[in-house]
Amino acid sequence: MSERYDPSEIEPRWQALWERERTWEVTNEPEGDKYYVLEMLPYPSGEPHMGHLKVYSIGDAVAHYRRRTGHHVLHPMGYDAFGLPAENHAINTGEHPRISTDRSIAAFQTAFRRWGISIDWSREFGTHEPRYYRWTQWIFLKLFEHGLAYRKEAAVNWCPNDATVLANEQVIDGRCERCGTPVEVRQLEQWFFRITDYADRLLEDLETIEWPAHVKTMQRNWIGRSEGAEVVFRCEQPGIDYPVFTTRPDTLFGATFFVMAPEHPDVFRLAAGTEHEEEVHRYVNHALNESADVRSDTDRRKTGVPLGRTVVNPVNGEAIPMFVSDYVLMEYGTGALMAVPAHDERDYDFAQAFGLEIRRVIDRGGENDDLPHTGDGVLVNSGEFDGLPSEAAKREIVRWLETRGAGHASVNYRLRDWLLSRQRYWGCPIPIVYCDECGIQPVPESELPVVLPDVKDYAPQGRSPLAAAEAWVNTTCPSCGGAALRETDTMDTFVDSSWYFVRYCDALNDEAAWDPEAVRWWMPVDQYIGGIEHAILHLLYARFFMKALTDLGHLEVNEPFARLFTLGMITRDGAKMSKSRGNVISPMPIVDRYGADTARSYSLFIGPPDQDADWSDDGVEGVYRFLRRLWQIGADVAAEDSGFADVPAAPEGADLELLRKAHWAIAKVTNDMEDRFAFNTAIAAVMELVNSCYDARRAGADPGALRFAIGTAASLIFPFAPHCAADVYDRLFGDRVWEEPWPEADPAFLARDTFQLVCQVNGKVRDRLEADSGASQEELAALCRQAPNVRAHVDGREVVKEVVVPGKLVNLVVR
RNA sequence: GCCCGGGUGGCGGAACUGGAAGACGCAGUCGGUUUAAGCCCGACGACCCGCGAGGGUGUGUGGGUUCGAGUCCCACCCCGGGCACCA
């Protein structure tokens, strides 16, 4: 044994060949079957970590597998380069975000090459390049033209630490998802995308895509569609109609009071002149200053103040008292609600606190009739609707309201419009100017891109740092030519990543965002791979962008990601790796020590790729040993047998067993790759095959059979360990494994003429025998009865039943 | 509170459609190789009783269906995640 497995020599050699020959580049010529495999683009901050190694190892395995099953594979790469971390770094160090971002991008480029990821580098870009964000701005203008991007003043979430507004999706439990600071509510004029127009389609089209069920559920919950009715309550003095939304029109007769949000614009007007006027002012001012996490605390006792007015319940003409309370949200429904304390927990709590009437109108007809009862039942105390079950009553009462003009069926959503303005520097400029004469004016397309100017001070002071770039801010109105000011907010970085996968189809195009033909050919992404943390934000926004751009005639992409795979985290000692915990394992030292093939294979062998898995140094050693064993036996057999021996025509004994194992492995790995994504068991199957190769070699197996079996192992492991596999295959056959079609299992080798018959008595295994595959059920049963250890348990007892499972077992039931 | 996942050896995990529980890997024990350690090659390995043949127990807990349950059904416990004053 002269040579030894040396990944530091093997890996650069094959990488250089693939780079030189541009092996992984693809054209846009429609030809054969296409397959677009995409991992979520990295956010370039510092060095790549284990999560990156894992996600790109998965994506590369899929890309390689699809290429070798005859697909034309697009597998591109880019960088989500705008964002807060680079800007915060700039605030601390004064270094321009572009410099630190580009340095990080260089680290990713180096990593991807050293990992041997098969990327079409001709399509690479960063979202911070004007050549890219020019088209992000163009998309903004298209949405603006059609009213899908608009500006309005609203109560928005403000993070005092990051000094910027946040989208609803970026607020977790009342805190900034990035820095954890409690968010405040501010009344500001901001840019929004009208994603709520697409709520129903975003919901319905989930049916058409193959995504993990829990991701679909999260999106459904986020959109939060509720069906119900809008019901009008009239306030006699001052004579205003107040519509409310309810999902339970069947409980309308149980409404005993009426509550408005503190933000409701009519609250002060209603209270004016009543004895409660002062109290209402105090309460509202207090409520508006409360932080989001205090106000949304459900355990808190309900508070509120009477408005001193009443509204009339349209179904029974009753005048019920009005209140203002902070448990009512201005953003949902109409900012006012009818309270049915008998059948709603929140209303019940409020009624208890204020001694208000609780009137049962739904009877559950069972033993437990505690209030509040929030489920369905049969109507009582509801006039002509008494006796109807809830479902029927909802329909009947809505119909009754419609005929009297006092209400109608209605749908409400939890989803809000996407707030995209950010008062930060390192982002895509919004291509808008403000003119005193002409108002809001879009920058003409011919003037794109609006290039992000350099500034001296990146620190936000409640306004965008861009406001300080006076030469840039002061411009002329595209409409009247007069003096005008540029928009100084930048876009949320989720805008940049909502269309990058379309740009990959035609990344070098400077005439348009994309060529429709190229997009028609490649889209949708056949397999998208990324972290579960994007289940709502990115994946919902990208879907919205595709639908909107399709409606505007620029695309024909209803859903961008036909299939989605979400991967689990690699943890260390059961915890997420983080600098503060000091438990970070960086992929690069692993690659240095064992090679990229080992690092990649281990990241997949560690466990099911969609689950979290804990890093083990010893586990890496095991995968390294396996690849070394494969390479060693390959190199040894290739060196011993220079004659390129063929597979024996009529194999028997150890040769036959080995060939069977090889074909078994082909079938197993193919099945695991195809749609199960069971990479851990695929790798285990190749390990078994390699172990069998060693056994067979020791048993003096035929060189041709060995060559076939080892070559098969190399071919099957190629998607995970491409360098090692390419080297072994080259030594054995002098061929390029990536140009070989994916192997096919020969059924002749999968079938066996005998099998191990399991003999059970009363369900317990008592013996095992070699049986003929073609044996009849009677023959198998007879065989089982003769087994020595079966007889020991059956003799002297009565066999009451025989269960025969052909090819598997016989179970004798005795008494 | 509601909605999803998940509980299998010392550890990570495997088990496809109800049919041999523990593949594969790690750690461990033993043997070979070696001047020696390591590497490497091989063997053994759920637990309990037994020298052994063999027997018993065993997939979070309790019940059920079945010739047969890790897998299906009912109830419960624990862990992880999502949503949560959304009318």
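Labels below follow one simple rule: chain letters A, B, ... track the order of the sequence lines, proteins then strands, and each chain is numbered from 1. Every heavy atom of this structure was used, including side-chain atoms; hydrogens, water molecules and symmetry mates were not.
Only the P atoms considered, B:rA20 is 34 Å distant from B:rC30, to the nearest whole Å. Atom name C1', nucleotides B:rC79 and B:rG52: the rounded distance is 44 Å, in whole Å. B:rG38 sits 22 Å from B:rC44 when the C1' atoms are compared, rounded to a whole Å. Nucleotides B:rC67 and B:rG60, compared at atom C1', are 27 Å apart to the nearest Å. Rounded to whole Å, the C1' atom of B:rA15 lies 24 Å from the corresponding atom of B:rG64.
Using a 4.0 Å heavy-atom cutoff across all strands shown, A:S616 reaches no nucleic acid atom at all. In this structure, A:R766 reaches the sugar-phosphate backbone alone: every heavy-atom distance under 4.0 Å involves primed, P, OP1 or OP2 atoms, never a base. Counting non-hydrogen atoms under 4.0 angstrom, A:V340 reaches nothing in the nucleic acid.
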In a table with atom names and distances, give each donor-acceptor pair under 3.5 Å that connects a side chain of residues 758-767 of chain A to protein atoms at least two apart or in another chain.
unit_1	atom_1	unit_2	atom_2	d
A:N762	OD1	A:V814	N	2.9
A:R766	NH1	A:H793	NE2	3.4
A:D767	OD2	A:N789	N	3.1

Can you give the donor-acceptor pairs under 3.5 Å from side chains of residues 221-228 of chain A to other protein atoms, not counting sequence neighbours?
unit_1	atom_1	unit_2	atom_2	d
A:W222	NE1	A:E169	OE2	3.0
A:R225	NH1	A:D200	OD1	2.5
A:R225	NH1	A:D200	OD2	3.3
A:R225	NH1	A:Y413	OH	3.3
A:R225	NH2	A:E227	OE2	3.0
A:S226	OG	A:Y332	OH	3.4

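Residues passing the salt bridge (charged side-chain N to carboxylate O under 4.0 Å, His left out) test with A:E533: none are found, sequence neighbours excluded. Listed by chain and number, the residues in a salt bridge (charged side-chain N to carboxylate O under 4.0 Å, His left out) with A:D614 amount to none (sequence neighbours excluded). Looking at residues two or more places apart in sequence or on another chain, you find a salt bridge (charged side-chain N to carboxylate O under 4.0 Å, His left out) between A:D672 and A:K668, A:R676.
Checking B:rG25, B:rG42, B:rA87 against the side-chain heavy atoms of A:D695 singles out B:rG42 as nearest. In the set B:rG42, B:rC24, B:rC67, B:rC67 carries the atom at the smallest distance from any side-chain atom of A:K801. Minimum atom distance to the side chain of A:D618 is reached by B:rC26, of the listed B:rA87, B:rC4, B:rC26.
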statement: Protein-proximity profile, nucleotides 13-21 of chain B, B/S/- by nucleotide at the 4.0 Å heavy-atom cutoff, equals SSS---BB-
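Pair assignment for B:rA37: none, as no Watson-Crick or G-U wobble contacts are both less than 3.5 Å. Using N1 to N3 plus N6-O4 or O6-N4 for Watson-Crick, or N1-O2 and O6-N3 for G-U wobble, each under 3.5 Å, B:rA15 pairs with nothing. In this structure, B:rU59 forms no base pair with any nucleotide, since neither Watson-Crick nor G-U wobble geometry is met with both distances under 3.5 Å. Checking B:rA69 for Watson-Crick or G-U wobble geometry (two distances, each under 3.5 Å) identifies no partner in any strand.
Taking the nucleotide of RNA chain B with the nearest heavy atom to each of A:M687 and A:G333, the more 5' of the two is matched to A:M687.
A salt bridge between A:R785 and A:E778 is absent, with no side-chain N of the basic residue lying under 4.0 Å from a carboxylate O of the acidic one.
Counting heavy atoms from C-beta outward, A:S616 and A:I606 have side chains that stay 4.5 Å or more apart.
Here B:rA87 presents its P atom at 14 Å from CG of A:D250, a figure rounded to the nearest Å.
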